Amino acid sequence: MKAKLSKMLSLALTALIIVSAFASVPFTASAAESQTEAVRVSSGTTGDCTWTLNDTELTISGSGAMGNGYPWGKEITKAIIKSGVTSIGNYAFYECSSLTSVSIPDSVTNIGDYAFSFCAGLTSITIPDNVTSIGDGAFECCAGLTCVTIPDSVTRIGKHVFWSCTSLSSITVPDSVTSIGSAAFYYTVWYNNQPDGLVYAGKVANNYKGDMTDNTSIVIKDGTKGIADSAFQGRTNLSSVTIPDGVTSIGNEAFFDCTSLSSVTIPDSVTSIGNEAFGYYYDYDNPDHGKIDGFTIYGYEGSQAQKYAQDNGFIFVAYEAPPQIVTGDTNGDEKIDINDVTVIQRCMAEYAEVTDELKVIADVNGDGKVDINDATHLQKYLAEFKDVGLGKQ
């Protein structure tokens, strides 16, 4: 009996030793993740890139675009994106509220939708010089963000990009931006400090702020390049708008529900008109919205204005096409002769004003200036050297 009891105790002691030995070996969940008392390290792939998370510091590298989402989790405090990454994916750092530092390389050209939305810990960010597009809501609700400089490479800013960035007091929007989405700057210190009336962001008519009185007429200032999405949406008292030549983009629903607006003249410079930009209003009995009866669009034949009118079933009234500029026709008589040479010579002698239009017409050799070489070039043309490159632009 004693021998049997001794044998059982011996087996139990052996089992305890084996269990204790296994308990002292660190557990590894997978080849991609290890756990120690101090540091958590994990890694994976996202789109064309790889990522490594060392405790709360994230490093992303690769040659191409990041994927969408955040496979690394939300606990990160620092993100380093290596050169070679070309695009930051949609929702890449969404709700990473502890994130305080982000390094973005010059190789990045696009920041995706809601990429840094709700990153409340971010106080500043540098957008690199090669970014051309900032996606919808990219920095939405970044309550700690105080200042942003957008580089000259950017042409498009999406909707709600800085919406509710409640500490954002300084925003620099370059002249390169021609398209801005709706409510891009709402609930920022910068926007709150803008006076009532038409608010501009760079060269874009961003939106009308404050109350609008009956029969309001708006003249958009010269030099404007774009009209933002929903810029005048719901302004039922707007009765007329003047859009200057030079505007290239009119955003989605820019003049939606402007029911007092019965017509609009759209310049030939406009190359893009968004969905329901003109002539539509809210009709709660019609899910496709209502159309303003008799809404009329004035523009040039073959223009984007005509296309919008035809695509949406509005009246189109055409103007005659503007005269083409003929290089070398410096006196505007629609022919090239010795009188045009004389105009150039008078300009060189400062007897005549050199306007911007004349600079285009008189620069017949295309070197960006008006001088004796242009007069010589024109004289050769008149002497039947037809290969000098004169003609219609």
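What you see is a predicted model, and the numbers here were worked out from it, not measured in a lab. For this chain, numbers begin at 1 and follow the sequence in order.
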*Asks:* For the residue pair S260 and T236, confirm or rule out a side-chain donor-acceptor distance under 3.5 Å.
*Replies:* no
*Asks:* Has the side chain of S43 got a donor or acceptor atom that lies under 3.5 Å from a matching backbone atom of T52?
*Replies:* no
*Asks:* Have a look at F93 and tell me which of W51, W72, Y70 forms a ring pair (Phe, Tyr, Trp, His ring centres under 6.0 Å) with it.
*Replies:* W72
*Asks:* Shortest non-hydrogen contact from P71 to T45?
*Replies:* CG-O, 4.4 Å
*Asks:* Establish, from distance only, whether the side-chain atoms of S87 and N110 form a donor-acceptor pair under 3.5 Å.
*Replies:* yes
*Asks:* State the CD1-CD1 distance between I134 and I111, to the nearest 0.5 angstrom.
*Replies:* 5.5 Å
*Asks:* Do S217 and S240 pair up side chain to side chain, a donor and an acceptor below 3.5 Å, judged on atom types alone?
*Replies:* yes
*Asks:* Classify the angle between the aromatic ring planes of W163 and Y187 as parallel (below 30°), tilted (30 to 60°) or perpendicular (above 60°).
*Replies:* perpendicular
*Asks:* Checking S153 side chain against V131 main chain: does a donor-acceptor pair fall under 3.5 Å?
*Replies:* yes
*Asks:* Report whether F139 and Y114 are members of the same hydrophobic cluster (ILVMFWY, side-chain heavy atoms less than 4.5 Å apart, transitive linking).
*Replies:* yes
*Asks:* What orientation do Y94 and F118 show, parallel under 30°, tilted 30 to 60°, or perpendicular over 60°?
*Replies:* perpendicular
*Asks:* Looking at V85 and P105, what are the two nearest heavy atoms and their distance?
*Replies:* O-CG, 4.5 Å
*Asks:* If Ile, Leu, Val, Met, Phe, Trp and Tyr residues are connected whenever their side-chain heavy atoms lie under 4.5 Å apart, and connections chain through other members, are F232 and F185 in the same group?
*Replies:* no
*Asks:* Is it the case that the side chains of Y282 and Q233 hold a donor-acceptor pair, with the cut-off being a distance below 3.5 Å and no angle test?
*Replies:* yes
*Asks:* Please find out if less than 6.0 Å separates the ring center of Y186 from that of Y191.
*Replies:* yes
*Asks:* So, does D340 use its side chain to make a donor-acceptor pair with the main chain of D337 at under 3.5 Å?
*Replies:* yes
*Asks:* Any donor-acceptor pair under 3.5 Å linking the side chain of S176 with the backbone of D152?
*Replies:* yes
*Asks:* Return yes if some donor-acceptor pair links the side-chain N/O of S239 with the main-chain N/O of T216 below 3.5 Å, else return no.
*Replies:* yes
*Asks:* Taking the six-membered ring for Trp, are the ring centroids of Y280 and F314 within less than 6.0 Å of each other?
*Replies:* yes
*Asks:* Which heavy atom in A205 sits nearest to a heavy atom in Y200, and how many Å separate them?
*Replies:* CA-CD2, 3.8 Å
*Asks:* If we check side-chain contact (heavy atoms from CB on, under 4.5 Å) with Y308, which of these qualifies: I273, N275, I250?
*Replies:* I273
*Asks:* Is it the case that one hydrophobic cluster holds both I127 and V161, taking links as side-chain heavy atoms less than 4.5 Å apart, direct or via other members?
*Replies:* yes
*Asks:* For the side chain of D136 and the backbone of G158, is there at least one donor-acceptor N/O pair under 3.5 Å apart?
*Replies:* no
*Asks:* Say you draw a straight line from CG of D222 to OG1 of T224; how long is it, rounded to the nearest 0.5 Å?
*Replies:* 7.5 Å
